[in-house]
Number of protein chains: 2
Amino acid sequence: MKIGALARKTGTTAETIRYYERTGLLEEPPRTAGNYRDYGPTELARLRFIRRARDLGFTMAEVRQLLSLSDDPSQSCEAVDSIASIHLREVDRKLGDLRKLRTELRHMVDDCQHGAVGECRIIEVLSG
Amino acid sequence: MKIGALARKTGTTAETIRYYERTGLLEEPPRTAGNYRDYGPTELARLRFIRRARDLGFTMAEVRQLLSLSDDPSQSCEAVDSIASIHLREVDRKLGDLRKLRTELRHMVDDCQHGAVGECRIIEVLSG
DNA sequence: ATGCACCTTGTAGTGGCTACAAGGTCAAGC
DNA sequence: GCTTGACCTTGTAGCCACTACAAGGTGCAT
């Protein structure tokens with residue numbers, strides 16, 4: 001499988017895959033006679049793993065850890081749980097922030113009387 | 001007021017203020033005899049405006065527009081309302097995404113039986 | 001005069017990609 | 001066999017909004 005096919009199968013782009021390789025998240029795959037990267041099912045699975053984790057908001061560093069943990073199935077799952085739990089708390093924090101922010105924005109927009117900027121509540125709020 | 005004092009009053013850092021100046025968000029202030037930036041209440045108000053807008057999640061580009069709109073108080077408030085409304089919708093979208101993500105993470109973490117990585121639900125979910 | 005906090009400029013790095021440019025490879029069609 | 005066009009290669013630079021230095025200047029207290 002060439003890089004474009006792998007990209008289509010995983011909802012990424014060739015550029016992103018090469019970026020993952022550059023940063024060590026993916027290993028260098030074998031090459032075809034024409035120097036094209038040649039991927040198999042192992043790489044596909046690994047990239048799917050990475051994409052799922054990234055879509056769940058894990059950072060590249062966390063993905064790196066999760067990958068190396070998943071490589072050793074006999075290990076305790078504590079470290080995995082810890083990474084996921086910390087990330088969950090972080091997501092909760094962000095949700096809280098975003099909800100507060102939404103409330104403020106909502107008020108601002110609701111209070112706007114669509115008149116002149118001089119009396120605009122939005123500008124007023126921003127100006128303090 | 002020197003840059004450090006302005007930073008403390010606005011919850012920023014000197015680096016950020018200089019960055020805003022570099023990118024044209026803030027004008028170059030007058031200098032003291034010793035070549036230190038010398039800020040007055042106008043700059044303080046402008047920086048507060050910027051910080052409030054940034055804290056509400058507006059991008060630098062949006063802040064730039066909001067600033068120039070607020071500079072002309074006779075104009076219609078429509079453009080301001082539009083920027084804020086678009087941003088509100090964007091925040092709503094992000095909230096939705098984050099809530100979905102939280103649910104998935106929550107399930108993953110709840111299902112983890114704290115055993116070995118080989119049976120870890122978290123790794124399983126990520127592996128597909 | 002010495003120390004120390006603060007300031008100056010300039011440059012480079014962060015994360016996670018994304019966007020080129022300039023050229024090489026390969027299968028299909030004529 | 002030759003061209004077209006999709007794909008691939010490497011390398012470099014850009015995005016956003018900062019953040020982190022380094023190397024040196026200023027200003028005030030002791």
Side-chain angles (χ1 to χ4, degrees), chain A residues 1-40 43 46-67 83 87 90-91 94 97 101, chain B residues 1-26 28-40 43 46-67 83 86-87 90-91 94 97 101:
Chain A
M1 189 178 9
K2 283 188 269 181
I3 198 166
L6 182 63
R8 277 186 294 279
K9 281 198 187 185
T10 52
T12 24
T13 65
E15 282 90 349
T16 300
I17 295 170
R18 282 192 287 259
Y19 167 71
Y20 287 165
E21 185 182 313
R22 255 199 328 279
T23 56
L25 218 54
L26 290 173
E27 286 186 20
E28 295 185 29
R31 301 291 182 125
T32 66
N35 196 31
Y36 288 1
R37 286 171 181 82
D38 187 19
Y39 296 99
E43 286 97 336
R46 194 175 171 89
L47 183 52
R48 284 217 164 115
F49 185 105
I50 294 169
R51 288 312 307 172
R52 283 201 191 91
R54 292 285 306 121
D55 287 348
L56 285 166
F58 289 100
T59 63
M60 301 271 278
E62 286 165 339
V63 173
R64 235 174 275 274
Q65 292 179 63
L66 290 171
L67 276 170
I83 293 170
H87 181 50
E90 187 59 19
V91 168
K94 270 190 200 149
D97 286 357
L101 199 153
Chain B
M1 191 177 8
K2 283 188 269 181
I3 199 168
L6 181 63
R8 278 186 293 278
K9 280 197 187 187
T10 52
T12 26
T13 65
E15 282 90 350
T16 301
I17 295 171
R18 282 192 288 259
Y19 167 73
Y20 287 164
E21 185 183 312
R22 253 198 332 276
T23 56
L25 218 55
L26 290 174
E28 296 185 27
R31 301 290 182 125
T32 65
N35 197 31
Y36 288 2
R37 286 171 181 81
D38 186 20
Y39 296 99
E43 287 99 336
R46 194 174 171 91
L47 183 51
R48 284 218 164 113
F49 184 105
I50 295 170
R51 287 314 304 173
R52 282 201 191 90
R54 292 287 304 121
D55 287 348
L56 285 166
F58 289 100
T59 63
M60 300 272 278
E62 286 166 338
V63 173
R64 237 174 274 273
Q65 292 180 63
L66 289 172
L67 274 169
I83 293 170
I86 288 170
H87 181 50
E90 186 60 18
V91 168
K94 271 190 200 150
D97 287 357
L101 199 152

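Numbered from 1 within each chain, the chains take letters A, B, ... in sequence-line order.
For B:D38, the side-chain hydrogen bond (donor to acceptor under 3.5 Å, both in side chains) test picks out no residue, with sequence neighbours left out. By the side-chain hydrogen bond (donor to acceptor under 3.5 Å, both in side chains) test, A:Y39 pairs with no residue at all, sequence neighbours left out. For A:R54, the salt bridge (charged side-chain N to carboxylate O under 4.0 Å, His left out) test picks out no residue, with sequence neighbours left out. Every residue meeting the salt bridge (charged side-chain N to carboxylate O under 4.0 Å, His left out) condition with A:R51, not counting sequence neighbours, appears here in chain and number order: A:D55. B:R46 meets the salt bridge (charged side-chain N to carboxylate O under 4.0 Å, His left out) test with B:D71; sequence neighbours excluded. With sequence neighbours excluded, no residue forms a ring-ring contact (aromatic ring centres under 6.0 Å, His included) with A:Y19.
No side-chain heavy atom of B:R64 sits less than 4.5 Å from a side-chain heavy atom of B:L67. In this structure the side chain of A:I50 never reaches within 4.5 angstrom of the side chain of A:T12, judged on heavy atoms. B:M1 has its side chain within reach of B:K9: a pair of non-hydrogen atoms, C-beta onward, lies under 4.5 Å apart.
When the nearest nucleotides of DNA chain D are assigned to B:Y36 and A:I3 by heavy-atom distance, the more 5′-ward of the two goes with A:I3.
Taking CZ of A:R52 as the reference point, atom CG of A:L66 lies at 13.5 Å (rounded to 0.5 Å). With values rounded to the nearest 0.5 angstrom, A:L25 atom CG is found 11.5 Å from A:T16 atom OG1.
For residues 46-65 of chain B, the set of pairs meeting the ring pair (Phe, Tyr, Trp, His ring centres under 6.0 Å) definition, not counting sequence neighbours, comprises B:F58-B:H87. A salt bridge (charged side-chain N to carboxylate O under 4.0 Å, His left out) check over residues 13-27 of chain A, counting only residues at least two apart or in different chains, returns the pairs A:E21-A:R37.
Backbone-only contact: B:R51 has heavy atoms under 4.0 Å from sugar-phosphate atoms and none from a base.
As rounded to whole Å, 12 Å separates atom P of C:dC7 from atom CG of B:D38. In this entry the distance linking CZ of A:R31 with P of C:dC26 reads 13 Å, nearest Å.
Here the range on DNA chain D touched by chain A, meaning any atom under 4.0 Å from one of its heavy atoms, is D:dC7 to D:dT10.
Taking every heavy atom of residues 10-29 of chain A and every atom of DNA chain D, pairs under 4.0 Å involve A:R18, by number. A heavy-atom distance below 4.0 Å to DNA chain D is reached by these residues of residues 58-66 of chain B, ordered by number: B:T59, B:M60.
Two end axes, each from the C1' atoms of five base pairs, can be drawn for the helix from C:dA1-D:dT30 to C:dC30-D:dG1; they diverge by 20°, to 10 degrees.
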